[in-house]
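What follows is one structure encoded as structure tokens, with my remarks underneath.
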Amino acid sequence: MRADLAPQYDPSRLDAAQYARWKAAGVFTAHADRTTRLGGSRVPFVMVIPPPNVTAVLHMGHGLNDTVQDVIVRWRRMAGDEALWVPGTDHAGIATQNVIERQLAQEGLTRFDLGRDAFVDRTTKFVAETGGVILEQLEAIGASCDWTRTAYTFSPELSRAVREAFVRLYEAGLIYKGHRVIHWCPRCLTSLSDEEAEFADERGELYQIAYPVAGSPSRSLVVATTRPETMLGDVAVAVHPDDDRYRDLVGRRVVLPIVGIEIPVIADPYADPAFGTGVVKITPAHDANDFEVGVRHGLPMPVVIDEVGAMREGPDAHGRVSESLRGLDRFDARARIVALLRASGQLVNVEPHQHAVRHCYRCDTVVEPRLSDQWFVRMAPLAKPALEALRAGRLRVLPERWEAVYVNWMENIRDWNISRQLWWGHRIPVWYCDACGGEPIVSRDEVTACVQCGGAVRQDDDVLDTWFSSWLWPLSTLGWPDENARDLTAFYPTDVLVTAPEILFFWVARMVMAGHFFMGREPFHTVYLHGTVRDMRHVKMSKSLGNGIDPLDVVRLYGADALRYTVIAGLGLGTDVMLDPTNLEQSFAPGRNFVTKLWNIGRFILQNLGDAPAPALADIDPARLTRADAWILARLDAAIAECDSALGPARPTHDGRWTSGELYAGLRLSELVESARRFAWSELADWYVESTKPRLGGPDADVARAVLVHAFDAALRLLHPVVPFITETLWQAIAPRAADEFLARAAWPKRRAPEGDAAREFELVREAVGAIRQIRAEYNIAPGARVAALVGGAEQRAGRVLADEAPLIGHLARADVSPGDGTGDGGAAAHAVLSDGSHVRVPLAGTIDLGKECGRLRGELEQLATLRAGIEQRLRNERFVTRAKPEVVAGERRRLEELTTRAAQLTAKVQTLCGG
RNA sequence: GGUCGCGUAGCUCAGCUGGUUAGAGCGCUGGUCUCACAUACCAGAGGUCCGGGGUUCGAGUCCCUGCGCGACCA
């Protein structure tokens, strides 16, 4: 009646079908009404996925991120929580727009050829047709998302949330339109936030340029700059107010080289007397710091670089860009200007200079600071509660070190530029009336006519930063702004947010602020930041560098479980995962091998179950349990305890605040893997399964079967979060299951009982087996050949254990074991002494090399002597005895006793065998 | 420039509040196709815990310092 398992596990044949069964049974679907927040009995446990770009395809970074989340959510689902993992995608403004623009470029078109509406239509269509592929790919790696709740940042529902958020912030005075220098990408043709303009260290040049003092041609001020092309927009040079070198020149004027106009010398503390010559040129329209200086001193702000990064006279710049420079790209202009300065003798010096240059995070183009009108969010008021959440212990960041980074950013927060000059995104909900020119109309709903004069209105051309929709994700996916939405009530706040440190500021920190502002509390209690997937040279994996691994290739070759196991096992808290893209076999063998091992344990058990299901362990008379049974059950309890402490606590246990003891505990997924693996493989398979073989045909076969199935079942539960496919398949096979019964929602294991004597006594069996195996290896006994072995206890109890277990020891060591007096006649035999002084003797007439045997035993004795000497020395040290903790001292005494017993036995052996 | 992290076996990393003979996987060596498993089993080799100084009865673990990597921020 029970179908045997195939000789080999074939994930490609089984996994997709298994996923379909979970999905069909609604295993991953959460129910709001079952949660404690809506009167149910289950504690909610919620995570929202970091939404991948809607056009993305799965890469190893997702593979890691989503596996981590899946391990956590599967664990909580089994632990009895109402577990919800919300999936979805991000419309990804710049990124998606760039994809379509690249398509257009292939057709020889730009977005301007299409026009805004056609461009948006085309993008919408593209997304509808090809977007969201990544969500299907997530199923292939086993992600247990609730697909009934899939969200999209640009859906009508979430767009409504975006508008609501904008309007509420505007009404609270936290959104304003500002005229200032922002980061501009001349390729994407949009402004960027501070976070989107990434620093990269570059080797450039520092140019020193002489600006002659007007009216004193013999004198000049030398300024230092890395960007000579911006000098066309200079409106002043500044010196520090306390800088004596230039005091007399403040208030006078210098002649701007090339342009030939006069600009003032001003005193401003922004000028750093220690940098260069202490004189700094001021270009308010093309440098954020200079802009501040310009504002302080009421200076003009001529724009000399246009939106595509070419030199051109913009507002207030008449006469500044000469014919020969006009239209030149900023970098070409730099070279031209340097040449001109060199020719006129005004280039004083050029030296290599290492500095950080901002680049567009989407296309890597060097960002151009640019004066323009943009919408901003006033961040300081939002940051305050977000900081408070962390300080009060309602929010934690793992690993701990990132908390300082979070705090530092929050404390030095700057206003957020949220407008983008793109077409793909949420249009800013602001309308202007040209007729009456009144205040802008900020509205939740479409505005078709001016509220003042009824005239025509036009909507603001800009769209919102993508992150302005992402920061609402934990709220908007649950139904906000409908504050009575069932999901919002049942599932907000969420629990754990899993992501990479790169988007701590972009996304995580802002979500905390949004959660507070719109819902009055932080959106999660734990931020888990994991590392990056890198190749063997520690270079971050990326498609463009060609060092990537396609997770789906790995799934095809080795199965999703092998992929998951490998990345989780390699992922210490906050550490990076190294994988070799040139050797998938080497990288994923550990996972594949482990999965195979599980399969084979399952096969063994099934083959030995017979037709009837194994009896439940609870129905077995405890008196019938052998030492091996007691031992594996004790090991199981230990494994459960280790797994629990690796993972938990799942949430703060005291009033929503992390206590100091649990603040940085838990979510050690690699420790879960290690503990569960060791139990399943090193203990269950290597020892317990082997130990049952002689019993399965005998009178206590039912006991062995019950323990075997119980232990394996528990191992499958512990492992299920990490390797869900194979564990579910095996779990379905080892016992009859109802149609709606799944390991994915079976109970997480609990410990049974404290370890008893029987379990401890089994360790002696393992030691005896080890000793015989070692002797066999040393004397090159053929693995098939049986040997005789005599075992004797150091004291009565040990003697009884060894005598009782002689058949088992014999089975495990391929020996005919009988109780025997270890001190014996000292004939041709190999000897070993166990840690408690018990002894093993393997008579090997004819093969024993007495000299070798004595050498081995003496060697061991020497090792013991060294150890004993160390402990004795410590114990003789009065300061140790008086100052060390009593239990440490007692431990040393006990250990010395053990070693002494063992040494005495060894000495006796050496004496009889080797004649002293 | 500021802040932080890392340096433990050939490789990737564990080692929590200082306390047994510093562990795991992969790789390596020797032996085995033993009736679940050669994607396996058995046995084994391999470590001046980056260098130097200090605190301590005791340091891979704490402090200082040097060297070498890396991250984030300006």
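In the text below, chain A, chain B and the rest are named by the order of the sequence lines, each starting its count at 1.
Look at B:rA9: it lacks any Watson-Crick or wobble partner with both distances under 3.5 angstrom. The partner of B:rG70, taking Watson-Crick or G-U wobble pairs whose two distances both stay under 3.5 Å, is B:rC4. The partner of B:rU32 is B:rA40, by the rule that a Watson-Crick or G-U pair needs both atom distances under 3.5 Å. A 3.5 Å limit on both hydrogen-bonding distances identifies no Watson-Crick or G-U partner for B:rG60. Summarising the base pairing, B:rA14 is matched to no nucleotide, lacking a Watson-Crick or G-U wobble pair whose two defining distances lie under 3.5 Å. For B:rU48, there is no paired base (Watson-Crick or G-U wobble, both distances below 3.5 Å).
Regarding contacts with the backbone of B:rA40, a side-chain N or O of A:Asn593 is found under 4.0 angstrom from either OP1 or OP2. OP1 or OP2 of B:rC41 sits under 4.0 Å from a side-chain N or O of A:Lys597.
Distance, A:Asn408 CG to B:rU3 P: 11 Å, rounded to whole Å. Note: NZ (A:Lys693) to C1' (B:rA36) measures 7 Å, nearest angstrom. The distance between atom CD of A:Gln774 and atom C1' of B:rG31, rounded to the nearest whole Å, is 15 Å. Here B:rA36 presents its P atom at 18 Å from CD1 of A:Ile734, a figure rounded to the nearest Å. Atoms CH2 (A:Trp687) and C1' (B:rA40) sit 17 Å apart, rounded to a whole Å. The distance between atom CG of A:Leu598 and atom C1' of B:rA36, rounded to the nearest whole Å, is 12 Å. At whole-Å resolution of the value, CH2 in A:Trp409 and P in B:rC72 are 16 Å apart. If you take CD1 of A:Ile809 and P of B:rC42, they are 17 Å apart, rounded to a whole angstrom.
Taking the P atom of each, B:rA14 and B:rG31 are spaced 35 Å apart, rounded to whole Å. For the C1' atoms, the distance linking B:rA71 with B:rU32 amounts to 49 Å, nearest Å. Of the C1' atoms belonging to B:rC11 and B:rG27, the separation is 7 Å, rounded to the nearest Å. Atom name C1', nucleotides B:rC13 and B:rG19: the rounded distance is 24 Å, in whole Å. Spacing between B:rC33 and B:rU39 at atom P, rounded to whole Å, works out to 15 Å. Rounded to whole Å, the C1' atom of B:rG2 lies 31 Å from the corresponding atom of B:rC49. Rounded to whole Å, the P atom of B:rC62 lies 23 Å from the corresponding atom of B:rA24. Atom name C1', nucleotides B:rU55 and B:rC63: the rounded distance is 7 Å, in whole Å.
A salt bridge between A:Arg766 and A:Glu690 is absent, with no side-chain N of the basic residue lying under 4.0 Å from a carboxylate O of the acidic one. Ion pair A:Glu674/A:Arg677 flagged as a salt bridge, since at least one NZ, NE, NH1 or NH2 atom sits closer than 4.0 Å to an Asp/Glu carboxylate oxygen.
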Any chance you could lay out the salt bridge (charged side-chain N to carboxylate O under 4.0 Å, His left out) test for A:Glu662 and A:Arg396, step after step, and finish with the verdict?
-> CA-CA 10 Å; A:Glu662 58 190 26; A:Arg396 65 172 180 169; over 6 Å; no
Start with the C-alpha gap between A:Leu718 and A:Ile640, add the side-chain angles, then the distance that decides, and say whether side-chain contact (heavy atoms from CB on, under 4.5 Å) holds.
-> CA-CA 7 Å; A:Leu718 293 175; A:Ile640 293 169; 4.2 Å; yes
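By the 30° and 60° cut-offs, the orientation of the rings of A:Trp599 relative to A:Tyr9 is tilted.
Crowding of A:Glu878 atom CD: a count of heavy atoms from other residues, nucleotides or ligands under 6.0 Å not exceeding 12. Counting heavy-atom neighbours within 6.0 Å of A:Arg760 CZ, excluding the residue itself, gives a total above 12.
One N or O donor and one acceptor, one from the side chain of A:Glu690 and one from the base of B:rA36, sit under 3.5 Å apart.
Counting non-hydrogen atoms under 4.0 angstrom, A:Phe505 reaches the backbone sugars and phosphates but no base. Within the nucleic acid shown, A:Val881 has no heavy atom closer than 4.0 Å to any nucleic acid atom. In this structure, A:Ala782 reaches neither bases nor backbone, as no heavy-atom distance under 4.0 Å exists between it and the strands shown.
Partners of A:Tyr688 according to the ring-ring contact (aromatic ring centres under 6.0 Å, His included) rule, which considers only residues two or more places apart in sequence or in another chain, do not exist here.
Comparing B:rA36, B:rU39, B:rC42 against the side chain of A:Arg773 picks out B:rC42 as the nearest.
No side-chain donor from either of A:Glu502 and A:Tyr361 sits under 3.5 Å from a side-chain acceptor of the other.
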Could you pull out the protein-nucleic contacts involving nucleotides 15-24 of chain B (nitrogen or oxygen on both sides, under 3.5 Å)?
residue	atom	partner	partner atom	Å
B:rU20	O2'	A:Arg895	NE	2.9
B:rU20	O2'	A:Arg895	NH2	3.4
B:rU21	O4	A:Arg895	NH2	3.3

